[in-house]
Every structure is written in C-alpha cells, then in structure tokens.
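For reference, the structure is listed below as structure tokens.
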Number of protein chains: 2
Amino acid sequence: MKWDEIDQQPCSIARALSEIGDRWTLLLLREAFLRTRRFADFAERTGAARNLVSDRLEKLVAAGILERRRYQERPPRDEYRLTPKGLDLHPVIMALVHWGDRWHDDGRGAPVEHVHRTCGHVMHAEPSCSACGTRIDPREVTVRAGPGLRGLPDADRIGSA
Amino acid sequence: MKWDEIDQQPCSIARALSEIGDRWTLLLLREAFLRTRRFADFAERTGAARNLVSDRLEKLVAAGILERRRYQERPPRDEYRLTPKGLDLHPVIMALVHWGDRWHDDGRGAPVEHVHRTCGHVMHAEPSCSACGTRIDPREVTVRAGPGLRGLPDADRIGSA
DNA sequence: GCATTCGGTTTCATTTCGCAACCCACTCCC
DNA sequence: GGGAGTGGGTTGCGAAATGAAACCGAATGC
C-alpha cells in the first residue's frame, strides 16, 4: 500500500496520519502552537528545508488545519494560523510533549513547561474519561468495533459490543 | 537539517518524533495497542511493505518501545510486545484517534470505540490538568521555557517564568 | 541606484519507498 | 521421503521523496 492510500483505511489514526503523519508536519504544528506564523520563522525554527516548509504549509492549509491570511498589503505578507481543526490538535501535541519529557529527558529537565492559567501551576495533560471524569488507566480501556466498521473484515478481529 | 539530527533539538516533540514520527511507525503502534504481536499480522494489517515492517519493528525495539520475545522454541517464534515506554504512548494514540473521529468522520461513525471498563461507557480521552484536575481549555495553557532550555537562544522566544 | 528582506521555486544529487522475488527453518500430510 | 504450506524475514531494483543550495521577484531602506 502506498502512503497516499492509507486514508482509505477504516481507521481514525490512519486518516489522521494521512494529514499530519509526515515527519516535518508535526514540527511545523509545534511551531504553530508556539505562535509562529511566518514562513521564514517556520523554516528557521524547525530546521526544515524551505521547499519542504512551502510544501507542508500548503498541504496543511489544504487540509483546513492552517489558514493563510494576508495581514499586510504593502508589501504583501501572509501568515499561517491554526484553524479550529488545527487548534483541536492541542491534546495530541500535549500528549506527545509529555511522553517526550518522560522518556527523553537529557538530564536537564523539560525544555518547555506548560502553565495552567486557571490554577497557576505547571502541569501536563492527563487523560480523563469523557463519561465519568476519572483519570484513565490504559488497562481499563477496551476497544471494540464501532459503527464505521460494521460489515468490514476488521470488525471480527477487534470484536464488537 | 537532516531528519536523523532532529533529536538534538531541545524539544520534547522533536525527540519523540525522532522515534515515532515515521509514517508507518504510528500505524504499527496502533496495531500493537490492538494486541497485534506477530510480524505477518503487522504487515498485513497496516498494509506496509514487509521490509519496512522489519526495519520499523527493529527500530522500535532499539528505542525500547517494543520488546521482542521468543514465545516458542520449535519452530522459533518471536512476538513484539509493548514495553512500559510503549504503553505510555496510550494517551498519544487516544488523542489521535479522537481527533480523527472528529474531523475525518466519513458519515458512518467512528470505526473503533473505546469503552471505559471502570464506568462501562463509551468514552474518549479528555485532557485534564495534572495539577488541579479540571478539563483543559487550550487557551488556558501557556508555554514557557523550562530548565532544559536555559541559556539557549530559543528561551527568549518562548519566554520564561 | 544598490543592498536587503520576505516568501517562495528550481535544480539536482542522495535517500527512502514500494513491490516482487527469494530464502530458510520448520511442520503437515501422504 | 517428497511436496506443499507457513512464519519471518532479506535482497534488488525502479520510482518517488528529501535536502542543500542557488535562483527569483516584489517591495522597501538608504
């Protein structure tokens, strides 16, 4: 299977990865969440080649994750901003940062800290159950086939309700 | 910058992506969380070419995310299982699935549902603050330079305490 | 007029991917 | 014992993606 066919899999991860699964794309998104908005800054801060930055930003705009906006006419300058769909990736980024902090600490501590303005503390994201609100223990989560998988061969493997 | 230098960035995301940022790697991990353990199953279920499966599984083992274990001597058969470091990616996977469900619904509903055994309901992961426990609103989270960034040029850009 | 900045595009050598074919150890079945 | 089948890979090769650097063009700044 080629990479550009993976979004046809009946899998939310495959579909998500078809848009953001690229090596550089998530780094660009990291920058977007750090309020980077301009082409040259994306290129410099991620360390990606400019042609790749150009290509990936365009794809993110096409996917509706970033929005390109003219913010100045003379000289014409555009900026790339997160759309609601893009902002909704915040939990993914937070989870990734937390994992990196835990398992790739170089002994000097986290490079970046998150502060929760609501309570004022340094924090990380902790997954909680949308139904009962308690903290999630991975072993307490089971998977089953949902409506989007009915009648497909994978349904057996995963098991349904 | 080449991709294999990316883990030198003082950024937890960059470091995390250096291990799991590959296109196919996250699909393999999806399968691992669905209790896939054998080579042929990984290849078939992700749709990746076998040489890539071989290469990526090896890298995941080297990274300590999967563990290769002989579970039968004659004929020799190994299986790949998630280590604690690998299991700790659960929040990342959950977040990705949820995003995929929200923004890539093909009209038939989620392909896979998560059930919280603790409360018995279909759920998704909702990030909550590790300090105060309330649900996180992305706009209420600010970022600042942490100890791992002290003295580096990026520190200014991000702003410190 | 001349240099500089921003935001790219083009070119081209190097890597990586995708696919099919091959290999080997072992088991099953007759 | 011969032949087919299975699990778990490796090899080889053409096609596609990547990375570095050069180039471009519009708009200032001086």
Side-chain angles (χ1 to χ4, degrees), chain A residues 1-9 14 17-28 31-32 35-63 66-81 157, chain B residues 1-9 14 17-28 31-32 35-63 66-81 157:
Chain A
M1 181 178 310
K2 287 181 190 157
W3 183 253
D4 53 4
E5 296 163 19
I6 82 155
D7 59 339
Q8 290 156 27
Q9 289 191 21
L17 291 180
S18 72
E19 287 187 342
I20 60 166
D22 179 81
R23 291 160 145 80
W24 295 110
T25 301
L26 271 169
L27 279 186
L28 290 171
E31 283 306 319
R35 288 178 296 285
T36 295
R37 306 209 202 290
R38 283 156 50 187
F39 182 89
D41 292 336
F42 278 113
E44 185 188 349
R45 292 173 185 172
T46 59
R50 297 154 65 85
N51 49 356
L52 295 189
V53 175
S54 176
D55 181 74
R56 296 305 188 281
L57 287 178
E58 218 166 283
K59 281 180 179 157
L60 284 169
V61 169
L66 293 179
E67 180 190 13
R68 185 176 184 169
R69 233 162 73 179
R70 176 84 27 126
Y71 67 94
Q72 168 183 305
E73 282 300 335
R74 304 178 59 79
R77 292 282 179 268
D78 297 331
E79 58 179 7
Y80 295 90
R81 307 186 65 124
R157 174 159 76 83
Chain B
M1 178 177 309
K2 287 182 188 157
W3 183 253
D4 53 5
E5 295 162 22
I6 200 99
D7 58 340
Q8 289 157 27
Q9 289 191 21
L17 291 180
S18 73
E19 288 187 342
I20 60 165
D22 178 81
R23 291 161 144 80
W24 295 109
T25 300
L26 271 170
L27 279 187
L28 290 172
E31 283 306 319
R35 287 179 298 284
T36 295
R37 304 208 203 294
R38 284 155 50 186
F39 182 90
D41 291 336
F42 278 113
E44 186 189 347
R45 292 173 184 171
T46 60
R50 295 154 66 84
N51 52 354
L52 293 190
V53 175
S54 177
D55 181 74
R56 295 305 187 278
L57 286 178
E58 218 167 285
K59 281 180 178 156
L60 284 169
V61 169
L66 293 180
E67 181 190 13
R68 184 177 184 168
R69 236 162 71 177
R70 175 85 27 126
Y71 67 95
Q72 169 183 305
E73 282 302 331
R74 302 178 60 80
R77 291 284 179 268
D78 297 331
E79 58 179 7
Y80 296 90
R81 307 186 64 124
R157 173 158 76 84

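Note that the coordinates shown come from a computational prediction; the quantities given were computed from them, not determined experimentally. FYI, side chains are in, hydrogens and waters are out, and symmetry mates aren't considered; it's all heavy atoms of this structure. Order of the sequence lines sets the chain letters (A, B, ...), proteins ahead of strands, with each chain counted from 1.
Whole-Å rounding puts the A:Arg37 CZ to C:dG7 P distance at 13 Å. Put simply, CD on A:Glu5 is 10 Å from C1' on C:dG18, counting in whole angstrom units. The distance from atom CD of A:Glu44 to atom P of C:dG7 is 12 Å, rounded to the nearest whole Å. When the C1' atom of D:dA22 is taken as reference, atom CG of A:Asn51 falls 12 Å away, rounded to whole Å. Going from atom CG of A:Leu52 over to atom P of D:dA20 covers 9 Å, rounded to whole Å. When rounded to the nearest whole Å, the span between CZ of A:Arg23 and P of D:dA17 equals 13 Å. The separation between B:Arg77 atom CZ and D:dG7 atom C1' is 4 Å, rounded to whole Å. Rounded to whole Å, atom C1' of C:dT15 lies 13 Å from atom CG of B:Asp55.
Using a 4.0 Å cut-off, some side-chain N or O of B:Tyr80 falls inside it from OP1 or OP2 of D:dG9. Within the 4.0 Å cut-off from OP1 or OP2 of C:dC17, not a single side-chain nitrogen or oxygen of B:Trp24 is found. The side chain of B:Ser54 contributes no N or O atom lying less than 4.0 Å from OP1 or OP2 of D:dG9. The phosphate of D:dG9 (OP1 or OP2) has no side-chain N or O of B:Arg38 nearer than 4.0 angstrom.
Going from atom CH2 of A:Trp24 over to atom CD of A:Glu31 covers 12.0 Å, rounded to the nearest 0.5 Å.
The residue B:Asp22 sits close only to the backbone: its heavy atoms come under 4.0 Å of sugar-phosphate atoms, none of a base.
The main-chain N or O of B:Thr46 is found under 3.5 Å from a side-chain atom of A:Gln9 such that the two form a donor-acceptor pair.
B:Val53 approaches B:Ala43 most closely through the heavy-atom pair CG2-CA, 3.8 Å.
A donor N or O paired with an acceptor N or O is found under 3.5 Å between the base of C:dG8 and the side-chain atoms of A:Arg50.
Both A:Glu79 and B:Arg56 lie close to DNA chain C; mapped to their nearest nucleotides by heavy-atom distance, the more 5′-ward contact belongs to A:Glu79.
Residue B:Lys59 is tested with B:Val61, B:Asp55, B:Leu57 for a side-chain contact (heavy atoms from CB on, under 4.5 Å); the sole match is B:Asp55.
Residues A:Arg23 and B:Asp22 have side chains in contact (heavy-atom distance under 4.5 Å, counting atoms from C-beta outward).
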